[in-house]
Amino acid sequence: MPHICLLLSGAALLINGLATLGAIPRRDAAVLSLVIGGVQLLLGITYLGITHPGVTAPDADGDWELLLPASGMFLFGLTYVYVGLDFLLGLGSKGLGWFSGMVAGCGLLLAAAWFNSDPLLAVLWLCWSYLWTLFFFSLALGYGRLSPLIGWSLVLASQTTATAPALLGMTGQWSGDPAMVRGAAACIILLLLLAGGLARRDGRRDGQRDRGTAVVVPNEQLGTTGR
């Protein structure tokens, strides 16, 4: 079930990234986020029901490693539901920003928890925490100029940190091999740097467009000024 949730997250991240870049309507992304988030919450509840059918406290025999995937499923599910409701209900996004900041902190803790037993998953959580941090700065603190960076980061990271790992897990190819972990980390870093470069390019292009429109003065005004 965690791998199914991860596969769904790949779609949600991609569509939300495209919406942030203005490639598709935000309402489309909001509806998809709401649906995917709801499904992930249901899968998380089902997963807990299967792995922990009774009301018992986690013990030292691996129960914590069963609860950690569920916590990730709920964090993603709640985020997508919140994103969908935020746009459809016009909530203003500030609360979503602070929620994203809290989830970013939880992501760092989950990365630390997975570091020894599943270093590949720890790397993925570090990347997801970075994405949530971008939302925190943009929505909670008002750094709206981060939107191009957020959009490109979501688009490029969606398949690398969600879809591809989900397929690896479903096919039994998930590995904690140090070489694979280092390769995944290097690939993610390069893609995030590429996202930054694309965002700067978009920012310069928008700035040139704004300057270009600002200096256009009608001929009639030029003639009036000359007189």
Side-chain angles (χ1 to χ4, degrees), residues 2-24 26 28-30 32-33 36-37 40 69 71-73 75-80 82-84 96-97 99-112 114-115 118-139 143-170 173-175 180-203:
H3 295 141
I4 295 175
C5 285
L6 198 55
L7 185 65
L8 294 175
S9 288
L13 292 173
L14 175 63
I15 297 303
N16 277 284
L18 292 173
T20 302
L21 294 173
I24 61 175
R26 284 187 175 271
D28 290 6
L32 180 66
S33 295
I36 287 180
Q40 287 183 330
S71 64
M73 295 161 70
L75 288 175
F76 271 104
L78 286 172
T79 298
Y80 296 137
Y82 202 161
V83 168
L96 175 59
F99 175 77
S100 298
M102 184 274 293
V103 178
C106 291
L108 292 177
L109 295 177
L110 286 172
W114 284 114
F115 184 77
D118 194 339
L120 177 58
L121 187 55
V123 169
L124 298 181
W125 270 109
L126 287 176
C127 178
W128 297 329
S129 295
Y130 168 74
L131 297 178
W132 269 303
T133 300
L134 290 179
F135 276 104
F136 169 70
F137 278 100
S138 177
L139 302 179
Y143 289 90
R145 63 180 180 273
L146 291 176
S147 291
L149 176 60
I150 292 173
W152 282 114
S153 296
L154 290 177
V155 169
L156 295 179
S158 62
Q159 306 308 295
T160 311
T161 67
T163 303
L167 295 176
L168 288 175
M170 290 178 180
Q173 302 301 313
W174 189 285
S175 172
M180 183 177 184
V181 174
R182 288 193 297 268
C187 180
I188 291 171
I189 291 173
L190 288 175
L191 286 176
L192 293 179
L193 291 174
L194 176 60
L198 292 171
R200 285 193 295 272
R201 181 205 63 180
D202 290 351

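Quick caveat: nothing in here was measured; it's all calculated off a predicted structure.
- The minimum heavy-atom distance between Ala104 and Thr133, with the atom names listed, is CB-OG1, 3.5 Å.
- Among all heavy-atom pairs drawn from Gly97 and Leu139, the shortest one is CA-CB, 3.6 Å.
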Check the pair Met180, Leu168 against side chain to side chain contact (heavy atoms under 4.5 Å, CB included), reporting the backbone distance first and the verdict last.
-> CA-CA 12 Å; Met180 183 177 184; Leu168 288 175; 3.4 Å; yes
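- Note: Asp118 CG to Leu110 CG = 12.0 Å, rounded to the nearest 0.5 Å.
- Residues forming a side chain to side chain donor-acceptor pair (under 3.5 Å) with Thr163 (at least two apart in sequence, or on another chain): Gln159.
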Would you tabulate the side-chain donor-acceptor contacts of residues 144-153 under 3.5 Å, counting partners in other chains and residues two or more places apart, or write 'none'?
residue, atom, partner, partner atom, Å
Ser147, OG, Gly144, O, 3.0
Trp152, NE1, Asp202, OD2, 2.7
Ser153, OG, Leu149, O, 2.7

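- For Val83, the side chain to side chain contact (heavy atoms under 4.5 Å, CB included) partners two or more places apart in sequence, or in a different chain, are Asn16, Ser33, Thr79, Leu96.
- Looking at heavy atoms from C-beta onward, Trp114 lies out of side-chain contact with Leu124 at the 4.5 angstrom threshold.
- The shortest side-chain heavy-atom distance between Leu156 and Leu192 does not fall under the 4.5 Å cut-off.
- Surrounding CZ of Arg201 are more than 12 heavy atoms belonging to other residues, nucleotides or ligands, all under 6.0 Å away.
- What you find for Trp132 and Leu75 is that their closest heavy atoms are CZ2-O, 4.2 Å.
- Contacts of Ser129 classified as side chain to side chain contact (heavy atoms under 4.5 Å, CB included), with partners at least two apart in sequence or in another chain: Leu108.
- Within 6.0 Å of OH on Tyr82 lie more than 12 heavy atoms contributed by other residues, nucleotides or ligands.
- Looking only at side-chain heavy atoms (C-beta outward), Met170 and Leu7 come within less than 4.5 Å of each other.
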Does the side chain to side chain contact (heavy atoms under 4.5 Å, CB included) test come out yes or no for Leu13 and Tyr80, once each step is laid out?
-> CA-CA 9 Å; Leu13 292 173; Tyr80 296 137; 3.6 Å; yes
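- For the pair Leu154 and Phe135, the minimum side-chain heavy-atom distance is below 4.5 Å.
- Residues Gln40 and Ser9 approach most closely at NE2-OG, 2.8 Å, considering heavy atoms.
- Nearest approach of Ala11 to Ile36, heavy atoms of both residues: CB-CD1, 4.2 Å.
- Legend: residues meeting side chain to side chain donor-acceptor pair (under 3.5 Å) with Thr20, ordered by chain and number and at least two apart, are absent.
- Put simply, the side chain of Asp28 does not reach to within 4.5 Å of the side chain of Ile15, judged on heavy atoms.
- If you look at Phe76 and Trp128, their ring centroids are closer than 6.0 Å.
- Side-chain atoms of Thr160 never come within 3.5 Å of backbone atoms of Ala157 as a donor-acceptor pair (strictly under, hydrogens ignored).
- Evaluation of the side chain to side chain donor-acceptor pair (under 3.5 Å) rule for Ser100 yields no partner, not counting sequence neighbours.
- The environment of OH in Tyr143 is sparse: at most 12 heavy-atom neighbours from other residues, nucleotides or ligands sit within 6.0 Å.
- The shortest side-chain heavy-atom distance between Val103 and Phe136 does not fall under the 4.5 Å cut-off.
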